[in-house]
Amino acid sequence: MGTAAATKKRPFILLGILCLIIGFVIGILIGFLSSSRRGGSNGKRAEDDTISEKLLAAIDKEEIRENLRYLTSKPHVAGTPISKEQAEWVRDRFLENGCDDAEIVQYKLLLSYPSKEAGKENRVQLLATDGSVLHESQLVEANLDPEVDVSEMLPPFSAYSAAGEVEGDLVYANYARIEDFEHLKNNHSIDVRDKIIIARFGAIYRGDKAKNAGLYGAKGIILYSDPYDFAIEGEAVYPDGPHLPGTGTQRGSTMFKFGDPQTPGYPALETAYRIPEENLTVLPIVPVHPIGYDDAKEFLKLMAGEEVESKWRGRIENITYRYGPGFAGADANKRVAMRIYTHNQEAYGWNVIGTIRGEIEPDRYVMMGNHRDAWGFGAVDASGGTAAMVEITRAFGKMMKRGWRPRRTLKFCSWGAEEFGLIGSNEWVEEFSKNLNERAVAYFNMDIIQMGTHVVAISDTPNLSNAVYAAARKVKDPSPSGNRQTVYDTWVERSHKGTNDDGTPVIGTLGSGSDYAPFVQLVGVSALDFSYRHDKKAHPNIALYPAYHSVYDTFRLVEKFYDPEFKYHLAGAQLFAELLRDFSDSAMLPMDCPYYAESVQGYVKSFKEGDIGARMIQEGLSLDGMQEAADKLTQAAKEFKQRLGAVDTKNTLQVRQINDQMMKLDRAFIDPLGLPGRPFVRHVLFAPSSKNAYASDKFAGIADAMFDIDNNLDANKWETVKQQLAAVTFAIQSAASTLVAPA
């Protein structure tokens with residue numbers, strides 16, 4: 001009986017062994033196939049050379065158009081219910097388009113809004129001797145397009161303006177730059193203390209205008225958009241053309257820093273310590289208010305004083321621009337009043353972060369961002385960029401449905417409260433700075449994707465430039481003609497900044513006008529900023545686009561005047577998609593360290609030969625140390641390039657090591673102490689000018705310390721200069737050391 005039972009069991013035993021063998025083989029096959037798909041434990045895989053072409057073809061300009069149509073359907077100022085609604089819409093689109101994750105990140109912020117109380121609307125008035133009102137600035141912008149619902153549009157205001165009612169004589173101060181106030185004082189003996197300033201928008205950041213007015217003792221400042229800066233003579237204004245009508249008014253922030261004003265250095269979480277509002281030093285101390293040029297004319301036409309010099313003249317018709325103070329002739333006793341009731345209040349801001357996880361290096365982040373909030377409908381600034389970014393995620397999602405996935409993680413960042421002072425991006429960078437320091441590869445900023453049709457305008461950290469050229473060569477020009485078949489071709493032919501010795505178009509350096517600033521200044525992440533622009537050579541006085549921050553920045557403005565076929569939006573989206581693909585999927589990062597070193601050599605040369613360098617040498621300071629540091633960086637970059645050419649791309653550890661050295665080069669230029677008086681502006685090579693936050697200064701710490709030094713009464717002024725020179729020299733030396741081969 002035992003033998004028979006054993007005989008009966010033998011087939012089952014053999015079957016069991018056979019199943020184990022089959023299972024083992026299947027397990028090996030699954031592991032092999034899975035390893036091949038994911039790159040395996042050593043991160044090896046073959047790159048798909050066809051993805052670039054497929055990705056660009058997947059981007060649909062009609063999808064961008066419809067995204068923009070929704071995003072511009074209502075005004076969406078940060079902190080408002082519609083702002084949160086749009087954050088949720090972006091999150092949902094990210095997920096539908098194929099992102100692995102999308103989350104809303106909330107911060108508690110100090111924002112600023114005009115009064116909603118009847119009788120306390122912000123206004124500027126012309127007063128008769130008896131105090132009666134002879135003219136009053138418009139309380140709301142005229143609705144010139146009956147198809148647009150403006151009922152939820154906030155009235156014109158300057159965010160973070162001091163509240164108050166002031167009266168006084170008027171002084172015209174051109175662009176309200178420091179040199180303009182000095183011109184009034186030194187050339188015309190005009191003391192602006194206790195006066196009200198009227199100045200035109202343009203040239204510098206409006207917050208710097210407000211700060212300057214306070215520094216020189218003015219009671220308040222009225223800002224207006226002059227047609228010289230916001231309309232091309234002889235061309236139609238909105239709604240018949242793209243230029244600013246006389247009723248157009250520019251809203252905007254006047255804060256002196258970026259980030260939440262109450263939580264400097266720390267994210268504005270619920271638990272954060274907040275500086276009491278009365279102790280803040282980064283907000284204007286005087287009332288500030290914007291008006292249109294129709295209203296400005298009513299004041300400027302009455303002005304007394306000498307006629308201004310030619311470069312101070314605007315283009316308001318039938319007036320003579322005069323300095324003041326006050327009004328002339330029979331109008332001499334009339335005065336100007338500012339009634340400003342803008343208030344600051346706590347409100348929430350919402351960022352949206354979409355993530356496509358990397359297959360091999362998920363802990364390396366290639367990031368794209370654009371702000372979602374606007375002062376009104378925000379079709380150009382910056383809903384066009386958001387519309388394009390959402391479509392880019394859809395294109396990447398299509399690639400993943402075909403089995404492709406990037407080597408590194410992609411992050412798509414929709415920022416809230418940028419318009420108030422880069423707040424959303426700044427708080428996120430502050431919250432995750434430790435992670436970003438270790439993981440961030442590069443940040444690509446879109447913001448205003450298109451404000452013209454002439455040529456692209458790009459600024460970056462120099463290690464990205466050659467990758468930008470390569471991407472631009474792959475994207476078809478929106479309006480090809482003759483030899484201009486790609487975006488790159490047109491860029492070379494029409495570059496605003498000219499071309500380099502090798503024929504490539506000059507790329508600008510980064511200031512702080514958009515969300516790249518926290519990445520560059522707080523962490524040292526390499527970054528880029530992009531926009532299509534108008535012909536600056538033909539119209540150099542038009543800084544941005546005429547309807548900037550006004551009620552007239554509508555879907556109609558874009559669809560009728562800027563990009564009816566949405567082909568420029570398409571080209572911009574394709575350029576960004578290609579850059580994201582290149583940086584997220586190439587085994588070796590497309591960063592050019594030798595070109596960065598070459599650029600630093602150029603900066604040092606220009607500095608030594610410029611006015612600041614000459615004055616320092618005259619004082620007995622040596623710039624030899626700075627030059628030696630630049631030479632070390634050049635040599636280190638040259639040797640690094642040789643090692644880069646010998647990298648075995650199948651050696652994962654070697655690839656990772658070299659990539660990390662490239663990725664972290666910009667970190668070396670971060671001074672943890674920050675620039676003088678600006679502890680959160682830390683990049684010693686590129687930083688926003690302390691006199692104009694929109695502009696970029698090279699070696700800004702030295703430039704700040706040297707500003708008007710011969711009239712500076714500080715006994716330690718030259719010690720500050722020496723300190724900043726030493727900081728720059730050390731940073732360049734540190735950059736060189738980051739490229740040296742590991743011991």
Side-chain angles (χ1 to χ4, degrees), residues 112 124 158-162 164 166 168-226 229 250-258 261 280-291 296 299-300 308-309 311-312 314 321 323-325 336 338 340 342 421 511-513 543 675-678 681 687-697 700 703-709 711-714:
S112 179
V124 177
S158 295
Y160 300 114
S161 164
V166 296
D169 289 334
L170 204 60
V171 172
Y172 174 61
N174 196 22
Y175 292 113
R177 300 167 296 188
I178 286 179
E179 56 263 42
D180 294 328
F181 284 102
E182 288 295 306
H183 178 81
L184 289 170
K185 181 176 68 173
N186 297 330
N187 295 62
H188 301 280
S189 301
I190 296 176
D191 185 351
V192 302
R193 286 178 294 180
D194 293 326
K195 306 295 191 300
I196 294 175
I197 300 299
I198 185 167
R200 48 183 173 158
F201 282 112
I204 65 171
Y205 167 57
R206 74 188 73 79
D208 290 320
K209 297 172 189 284
K211 179 167 65 174
N212 294 341
L215 286 173
Y216 280 86
K219 282 184 174 181
I221 181 168
I222 303 162
L223 298 173
Y224 80 98
S225 304
D226 197 285
D229 305 286
Q250 183 188 134
R251 296 153 183 79
S253 178
T254 57
M255 181 167 57
F256 309 151
K257 65 176 286 291
F258 51 82
L280 294 175
T281 59
V282 295
L283 306 181
I285 61 174
V286 299
V288 189
H289 191 60
I291 62 175
F299 299 96
L300 292 172
V308 303
E309 58 187 85
K311 61 185 178 182
W312 279 49
Y321 286 78
Y323 296 110
V336 173
M338 298 181 69
I340 307 302
T342 296
S512 74
L675 273 56
R678 297 190 287 169
V681 178
S689 165
S690 62
K691 307 302 180 288
N692 175 16
Y694 285 158
S696 174
D697 270 347
D704 284 352
M706 286 292 295
F707 181 77
D708 199 24
I709 194 158
N711 294 316
N712 186 345
L713 300 179
D714 184 357

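For the pair Ile190/Lys185, no side-chain contact is recorded, criterion being any heavy-atom separation below 4.5 Å from C-beta on. With a 4.5 Å cut-off on side-chain heavy atoms, Asp180 and His183 do not count as touching. Within the 4.5 Å cutoff, the side chain of Arg678 has heavy atoms near those of the Pro688 side chain. Using a 4.5 Å heavy-atom threshold, the side chains of Phe181 and Leu215 count as separate. Using a 4.5 Å heavy-atom cutoff, the side chains of Ser161 and Pro284 are not in contact. Looking at Lys195 and Tyr216, their side chains never come closer than 4.5 Å, going by heavy atoms from C-beta outward. The shortest side-chain heavy-atom distance between Ile222 and Val336 falls under the 4.5 Å cut-off. Residues Tyr205 and Ser253 are in side-chain contact: their nearest non-hydrogen atoms beyond the backbone lie under 4.5 Å apart.
Interatomic distance, Asp226 CG to Tyr175 OH, rounded to the nearest 0.5 Å: 7.5 Å.
Using a distance-only test at 3.5 Å, with no hydrogens or angles considered, a donor-acceptor pair links the side chain of Lys209 to the main chain of Gly202.
The aromatic rings of Trp312 and Tyr323 sit perpendicular, their planes meeting at an angle over 60°, well past the 30° parallel limit.
When every heavy atom of Thr342 is checked against every heavy atom of Tyr160, the shortest pair comes out as CG2-N, 4.4 Å.
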